[in-house]
Chemist: 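Below is one structure. I have some questions about it.
Model, not experiment: these values are computed from the prediction. Labels below follow one simple rule: chain letters A, B, ... track the order of the sequence lines, proteins then strands, and each chain is numbered from 1.
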Amino acid sequence: MTYFPEEVVEHIFDFLTSHRDRNTVSLVCKAWYRVERLSRRNVFIGNCYAVKPGTLVSRFPRIRSLKLKGKPHFADFNLVPPGWGANALPWVEAIARGCPNLEELHLKRMVISDECLELLARSFPNFRALVLVSCEGFSTDGLAAIATHCKWLRELDLHENEVDDRGEWISCFPDSCTSLVSLNFACLKGEVNALALERLVTRCTNLQSLRLSSAVSLETLSRVILRGPQLRDLGTGSYVHDPRSEPYLNLASAFMACKSLRSLSGFWEVTAQCLPAVYPICSNLTTLNLSYAASIQGTELIKMIRHSRKLQSLWVLDLIGDRGLCVVASTCKELQELRVFPSDPSGDGSAASVTEEGLLSVSMGCPKLHSILYFCRQMTNAALIDVAKNCPRFTRFRLCVLDPRKPDPLTSRPLDEGFGAIVRSCRELRRLSVSGLLTDKVFHYIGRYAQKLEMLSVAFAGESDRGMQELMEGCRRLRKLEIRDCPFGDAALLKDADKYETMRSLWMSSCDVTLQACQALAAKMPRLNVEVISDDGDFAGGAVCQVEKLYVYRTVAGPRDDAPAYVWTL
Amino acid sequence: MENLDSLKATELRLALPGTEEGAPPASGRACKRLSPEAGDGGGGAATPPSKAQVVGWPPIRSYRKSYLEEKKNAETFVKVSMDGAPYLRKIDLGVHRGYKELRESLVGMFKCFSLGFSSTEGGCSSEYAIAYEDKDGDWMLAGDVPWEMFASSCKKLRIMKWAEARGLGSSS
């Protein structure tokens, strides 16, 4: 390869699409490092504190697309107090100075202000795509800035963000904006100018994906769909209307014209009698997300499912019940991914729900199923063992029994054997979440059999340090480990300190780890940031006091300088 | 951090009095794990923490959780009673756009009782009036306030004869 001029090497590298491959070739020799870094277009940084923004910019001056993740995963469940960090501004400032050709920015669990959005909108003339997932800190003013200034915007995707409503912003897209391919503002709560929206959809003839917020009425939806029959992905707004009215009849006929629609979501509020308009589309759907449709009852859900034979991905609330999942099993033979969310998360258990039966029937009926997220009232070892036999191809298996530490109701035993069967059978398992009553045994099984496991979430499980130690010894590919409310302490934490440098991060909260052990870890491993969080900012307990929350991650950036008072970097 | 022993003495627990807690993880720190509103301690392994009070459980995104909780609190089904009918019905105010629609739905629900509750144009009935109990517990005549106001404050509906209804609408 040294005989080839650099342009040829670069051209060869173009065929390497994965980050890992490109990272690998850059290590071969200095020449390849240089070619690779100057030709790199996409960078993914899984932890924004692992590297400084300036380092990114000086190594990869020509990037076009950046994907960043900020807060630890458990921040999604309010386990990280506000003001923790993960601010996007330093990144946008650095890239604005060093990489003006940025076209795409994808942020997850980060804090981004309106000022930052404005800076983004003004700094990058070729900016094309902004994706914000589970972010916060901005308002519709920031969105207005993006709409106004990004002339070539193709994608604006807002997924489950907390956004302040400061007024209408859709009308800020100028008449000259015709490039939109994907627009998702489903998570917004504020008013939407229906006319502006209609006009936008009309002039963006390449629009393929449109997800509306609950403020958009059914009447507006029907007019919008008429203008965009080429849509492939639709999120409805509020789906409430009189089924005998003209707008509803218009909607029904507009849907008939949408031959390309493959993905459907939304249904924030629903009039059940209006659902039949959707049935003709259902037969072509590959993706159906009804996980926010709290007003669609089980029987209606079942009717929709019966029309949707081609589904590959289904997200639904537990209102569907075991009976509904049985229908899924017999109808959706192409199903690959299933997510069943709880409709009454903080309830007392009297609401509708699903049990081990639903999971079992889906595992029997859907041969291609490989990814599952399942919130249920109860689970049995017998069912898990059968599920493991039926579906050895699971890559993602996340099970949440809503009652912490609940045993198998048939035998009153822990769920160790059930999960053990899953990890033994599913050799390709990369992501696992366990729940229910669990002893150290389950961790012995996971450590022994889950050789490809990359991410593990554990809550209210285990009996002693041994559990975590067996995990750390066994799972060679582990990258992210998050633990809450487990009796794992100092011995487990310090057993294999070197391993943390092979991982992206470790989170432990409400466990039995002392400050002393954290300090020892920090002293031994200078390339880790060991951050201790105390909710009330009080670290006065001394070295033997237990740490509330611990976040350990590898980094080449050193301790961060933006940590709030309640975070102590050891 | 507080002295854990003194905390234990005053701690409220779900377990029976006199029983020693099992060895649950961080039992002494249970108070920190629970949301501030929770009065109870975490309890032992035999009594799992009430899920409504455990912070960050179940593990669903806060966006989704707050959406579902809002929906639950926005209880839009109300009971409807009618004088002379043997049982009550429930109706979802959320799917109605106005008083006219509501009236039509109610007629549909109660016409089987042959009590003479029939629909008329303009919402002015021959024999029956629709009354509702508002948030303050007062019985009001339906139709005076804008629909949205009515829908958000209505707790119960009652279909009553005009003769009785004449007494309504007076201040509480």
Side-chain angles (χ1 to χ4, degrees), chain A residues 74-79 134 160-162 187 240-242 268-273 291-292 294-295 317 341-349 375 398 400 402-406 433 435 437 457 459-460 462-463 484-488 509-512 534-536 538-542 545-546 548, chain B residues 1-4 22-38 42-77 92-98 100-102 104-105 151:
Chain A
F74 275 0
D76 275 346
F77 318 135
N78 292 333
L79 286 178
S134 208
E160 291 181 346
N161 302 293
E162 303 283 356
C187 62
V240 170
H241 218 277
D242 180 347
W268 307 98
E269 290 104 25
V270 175
T271 304
Q273 295 90 330
S291 63
Y292 282 101
S295 10
L317 288 170
F341 293 94
S343 54
D344 190 10
S346 44
D348 53 5
F375 286 85
R398 291 191 283 167
C400 178
L402 287 165
D403 235 333
R405 297 198 201 92
K406 185 170 177 154
S433 299
S435 58
L437 184 64
S457 309
F460 303 104
E463 298 162 305
R484 64 164 294 181
D485 293 274
C486 296
F488 302 144
S509 57
S510 302
C511 297
D512 288 347
S534 168
D535 279 351
D536 48 19
D538 177 12
F539 295 104
C545 83
Q546 270 152 345
E548 278 169 46
Chain B
M1 287 210 187
E2 307 95 328
N3 183 313
L4 293 180
S27 54
R29 289 182 285 108
C31 293
K32 288 248 178 183
R33 249 182 302 135
L34 300 181
S35 55
E37 302 85 60
T47 51
S50 160
K51 18 179 210 316
Q53 296 164 330
V54 177
V55 174
W57 192 264
I60 57 177
R61 271 200 190 143
S62 38
Y63 178 85
R64 188 181 284 280
K65 201 169 198 174
S66 53
Y67 171 80
L68 289 170
E69 252 143 41
E70 263 175 49
K71 288 239 91 181
K72 201 173 77 146
N73 294 335
E75 187 58 54
T76 47
F77 274 89
D92 187 349
L93 293 180
V95 300
H96 294 87
R97 293 302 198 76
K100 183 157 172 272
E101 272 186 35
L102 174 68
E104 286 166 359
S105 290

Chemist: Given that the side chain runs from C-beta out, which part of A:F488 has a heavy atom under 4.5 Å from chain B: side chain, backbone, both or neither?
Modeler: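 No part of A:F488 comes within 4.5 Å of chain B.
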Chemist: To the nearest 0.5 angstrom, please state how far the NZ atom of B:K65 sits from the CG atom of A:D76.
Modeler: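 The distance works out to 12.0 Å.
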Chemist: For the residue pair A:F375 and B:P59, what are the closest heavy atoms and their distance?
Modeler: CZ-O, 3.4 Å
Chemist: Looking at every heavy atom in both A:P342 and B:L68, which two are closest together, and how far apart are they?
Modeler: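 Shortest heavy-atom separation between A:P342 and B:L68 comes out as O-CD1, 3.3 Å.
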Chemist: Applying side chain to side chain donor-acceptor pair (under 3.5 Å), name anything that partners A:N78, two or more places apart in sequence or on another chain.
Modeler: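 Scan of A:N78 (side chain to side chain donor-acceptor pair (under 3.5 Å), adjacent residues dropped) gives none.
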Chemist: Under the side-chain contact (heavy atoms from CB on, under 4.5 Å) rule, what do A:R484 and B:V54 come out as? Steps first, then yes or no, please.
Modeler: CA-CA 12 Å; A:R484 64 164 294 181; B:V54 177; 3.3 Å; yes
Chemist: Check A:P345 against B:P58 and note the closest heavy-atom contact, atom names and distance.
Modeler: O-CD, 3.5 Å
Chemist: Kindly say whether A:S291 contributes a backbone atom to a donor-acceptor pair with the side chain of B:R64 at under 3.5 angstrom?
Modeler: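 Present.
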Chemist: What part of A:E269 lies closer than 4.5 angstrom to a heavy atom of chain B: side chain, backbone, both or neither?
Modeler: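 Interface part for A:E269: both.
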Chemist: Name the region of A:E160, side chain, backbone, both or neither, that has any atom closer than 4.5 Å to a heavy atom of chain B.
Modeler: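 For A:E160, heavy atoms of backbone and side chain both lie under 4.5 Å from chain B.
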Chemist: Sub-3.5 Å donor-acceptor pair from the side chain of B:W57 to the main-chain atoms of A:F77, do we have one?
Modeler: no
Chemist: List the residues meeting side chain to side chain contact (heavy atoms under 4.5 Å, CB included) with A:S343, not counting sequence neighbours, and say none if there are none.
Modeler: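 A:L317, A:D318, A:L319.
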Chemist: For A:F341, is it the side chain, the backbone, both or neither that has a heavy atom under 4.5 Å from a heavy atom of chain B?
Modeler: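 Just its side chain gets close to chain B.
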Chemist: What's the spacing between B:Y67 OH and A:C187 SG if we round to 0.5 Å?
Modeler: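 Taking OH in B:Y67 and SG in A:C187, the distance rounds to 13.0 Å.
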